[in-house]
**Student:** 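Here's a structure for you.
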Amino acid sequence: DYNKAIEIDPQDADVYYNRGITKTNLGDYKGAIADYNKAIAINPQLVEAYNNRGNAKSDLGDFQGAIADFNKAIAIDPQKASAYSNRGLAKSNLGDYQGAIADCNQAIAINPQYAFAYTYRGNAKSNLKDYQGAIADYSKAIVINPQSEFPYMLRGNTKKSLGDNQGAISDYTRAIEIDPKLAYAYYSRGDAKDELKDYQGAIADYNKSIAINPQYVAAYMSRGFAKGGLGEFQGMCFDFRKASSLGDRMAVKALNKLCQ
């Protein structure tokens, strides 16, 4: 019990740090940041507290604040590979893809087996339309950690960008095997099937993504268009209305144009 431990010793930085990890895992990023703040106030050299606080800030969309924390972690420990790769991801989220690649390069130089660095570098390369370079990085991440679904997902997205829908479907399928609750993987596989005009297969995947996340607006829209591809216009309009009820502006336009 972290609260009890804090009562016993309120100057134990590790207790606040560990409680911050627990809050992060529960999605309470603001609460986690508060605990990392306490840990850092007690021990300003606790590198992991800066690194984790940076990740929590990233999760809240505060990428500049995250970069400041990763900078501090690197200043304390210049060999902290995860701080470089995390800073790279934050830079990507701000559109600084070259800066992201430089940080991931540094992380890989420190630890050539750090899968996240390859994944994040691949993401930056993909955003720069270096799709082959991105695929190479995702493939390396998969070799290092074949049980992580994210490199498969991102490699699938990149293959889809190159028009390789069958290759994308294979990657999305592998991601689903690793994490059967990954709504985005079903949705993305549905889109790849839709591109191949496999509307029935696409609808089945959109159904799965909606079952996992009933608020998945894009899945309703895509399912509607797939139904339209099969001539099921009543079902198409039903999905557009559902998407519209969830606040999607494109759905309103589609309703006005196709469902009068």
Side-chain angles (χ1 to χ4, degrees), residues 1-94 96-97 99-124 137-138 140-151 153-154 178-179:
D1 187 308
Y2 295 123
N3 295 333
K4 186 67 174 177
I6 289 167
E7 286 181 18
I8 295 169
D9 184 1
Q11 294 302 305
D12 188 340
D14 289 339
V15 176
Y16 288 103
Y17 169 74
N18 289 327
R19 191 172 70 176
I21 292 174
T22 299
K23 288 180 179 178
T24 296
N25 291 336
L26 293 171
D28 177 13
Y29 302 119
K30 289 183 179 179
I33 288 168
D35 275 339
Y36 295 138
N37 289 346
K38 289 289 292 185
I40 289 165
I42 296 165
N43 180 3
Q45 297 301 304
L46 190 57
V47 63
E48 286 295 350
Y50 291 102
N51 202 20
N52 285 11
R53 188 174 71 180
N55 285 333
K57 288 179 180 179
S58 281
D59 285 323
L60 290 172
D62 178 13
F63 302 118
Q64 292 289 5
I67 288 170
D69 275 340
F70 299 137
N71 289 345
K72 183 64 177 177
I74 290 165
I76 296 169
D77 182 2
Q79 295 301 302
K80 189 72 177 171
S82 62
Y84 287 101
S85 66
N86 289 336
R87 189 174 69 179
L89 180 61
K91 287 179 179 179
S92 274
N93 283 315
L94 290 172
D96 179 11
Y97 304 120
I101 289 169
D103 273 343
C104 292
N105 288 345
Q106 184 61 35
I108 289 165
I110 295 167
N111 181 2
Q113 295 300 303
Y114 194 54
F116 284 116
Y118 292 100
T119 300
Y120 298 160
R121 189 174 71 178
N123 179 62
D137 276 342
Y138 297 141
K140 180 65 176 179
I142 288 165
V143 169
I144 295 169
N145 182 9
Q147 293 305 308
S148 175
E149 68 274 18
F150 296 113
M153 278 298 312
L154 294 171
I178 295 168
D179 183 359

**Student:** How close do Gly122 and Asp137 get, counting heavy atoms only, and between which atoms?
**Tutor:**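 Shortest heavy-atom contact: N-OD2, 3.6 Å.
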**Student:** Considering all heavy atoms of both residues, which atom of Ala39 and which atom of Ala49 are nearest to each other, and what is their separation?
**Tutor:**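 Looks like CB-CB, 4.5 Å.
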**Student:** Is the shortest side-chain heavy-atom distance between Ser82 and Asn51 below 4.5 Å?
**Tutor:**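 Contact flag for Ser82/Asn51 side chains = yes.
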**Student:** So, applying salt bridge (charged side-chain N to carboxylate O under 4.0 Å, His left out) with Arg19, which one of Asp35, Asp12, Asp14 is it?
**Tutor:**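 Filter result, single survivor: Asp35.
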**Student:** Quick one: does Tyr17's side chain get under 4.5 Å of Asn52's, heavy atoms only?
**Tutor:**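 A side-chain contact exists here, since the closest heavy-atom pair is under 4.5 Å.
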**Student:** Rounded to the nearest 0.5 Å, how far does OH of Tyr97 lie from SG of Cys104?
**Tutor:**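 One gets 13.0 Å once the value is rounded to the nearest 0.5 Å.
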**Student:** Between the side chain of Tyr138 and the main-chain N/O of Phe150, is any donor-acceptor distance below 3.5 Å?
**Tutor:**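 It does not hold such a pair.
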**Student:** Would you please name every residue forming a salt bridge (charged side-chain N to carboxylate O under 4.0 Å, His left out) with Lys38, sequence neighbours left out?
**Tutor:**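 So Lys38 forms no salt bridge (charged side-chain N to carboxylate O under 4.0 Å, His left out) with any residue.
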**Student:** Quick check for you: to the nearest 0.5 Å, what is the distance between Thr24 atom OG1 and Ile33 atom CD1?
**Tutor:**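 Taking OG1 in Thr24 and CD1 in Ile33, the distance rounds to 8.0 Å.
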**Student:** Does the Tyr36 side chain pair with the main chain of Ile21, one donor and one acceptor, at a distance under 3.5 Å?
**Tutor:**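 Between the backbone of Ile21 and the side chain of Tyr36 there is a qualifying donor-acceptor contact (under 3.5 Å).
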**Student:** Nearest heavy-atom pair of Asn43 and Ala13: which atoms, and what distance?
**Tutor:**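 So the two residues come closest at CB-CB, 3.9 Å.
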**Student:** Please check this pair: side chain of Asn123 against backbone of Thr119, looking for a donor-acceptor N/O pair closer than 3.5 Å.
**Tutor:**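 Not confirmed, Asn123 side chain does not pair with Thr119 backbone.
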**Student:** Which atom names give the shortest non-hydrogen contact between Lys91 and Asp103, and what distance separates them?
**Tutor:**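 Heavy atoms only, the tightest pair is NZ-OD2, 3.0 Å.
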**Student:** Please examine the side chains of Tyr114 and Asn145, heavy atoms only from C-beta on, and report whether any two atoms are closer than 4.5 Å.
**Tutor:**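 No; the side chains remain at least 4.5 Å from each other.
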**Student:** Nearest 0.5 Å, please: how far is CD1 in Ile142 from OH in Tyr118?
**Tutor:**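 Here the rounded value is 13.5 Å.
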**Student:** Please list, one pair per line, the donor and acceptor atoms closer than 3.5 Å that link side chains of residues 66-77 to other protein atoms, with sequence neighbours excluded.
**Tutor:**
unit_1	atom_1	unit_2	atom_2	d
Asp69	OD1	Arg53	NE	3.2
Asp69	OD1	Arg53	NH2	2.6
Asp69	OD2	Arg53	NE	2.8
Asp69	OD2	Lys57	NZ	3.1
Asn71	OD1	Arg87	NH1	2.7
Asn71	ND2	Ile67	O	3.4
Asp77	OD1	Gln79	N	3.0

**Student:** Taking the side chain as C-beta and beyond, is there a heavy-atom pair between Pro151 and Phe116 under 4.5 Å?
**Tutor:**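 Of all side-chain heavy-atom pairs linking Phe116 with Pro151, none is under 4.5 Å.
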**Student:** For Glu48, which residues count as a salt bridge (charged side-chain N to carboxylate O under 4.0 Å, His left out) partner, sequence neighbours excluded?
**Tutor:**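 In terms of salt bridge (charged side-chain N to carboxylate O under 4.0 Å, His left out), with neighbours along the sequence ignored, Glu48 is linked to Lys80.
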**Student:** For the OH atom of Tyr120 and the CG atom of Asn93, what is their distance to the nearest 0.5 Å?
**Tutor:**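 Reported to 0.5 Å precision, the distance equals 10.0 Å.
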**Student:** Which pair of non-hydrogen atoms, one from Ala81 and one from Ile110, has the smallest distance, and what is that distance?
**Tutor:**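 Here Ala81 and Ile110 meet closest at CB-CG2, 4.0 Å.
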**Student:** Judged by atom type as modelled, is there a donor-acceptor pair below 3.5 Å linking the side chain of Tyr84 to the main-chain atoms of Pro78?
**Tutor:**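 Confirmed, Tyr84 side chain pairs with Pro78 backbone.
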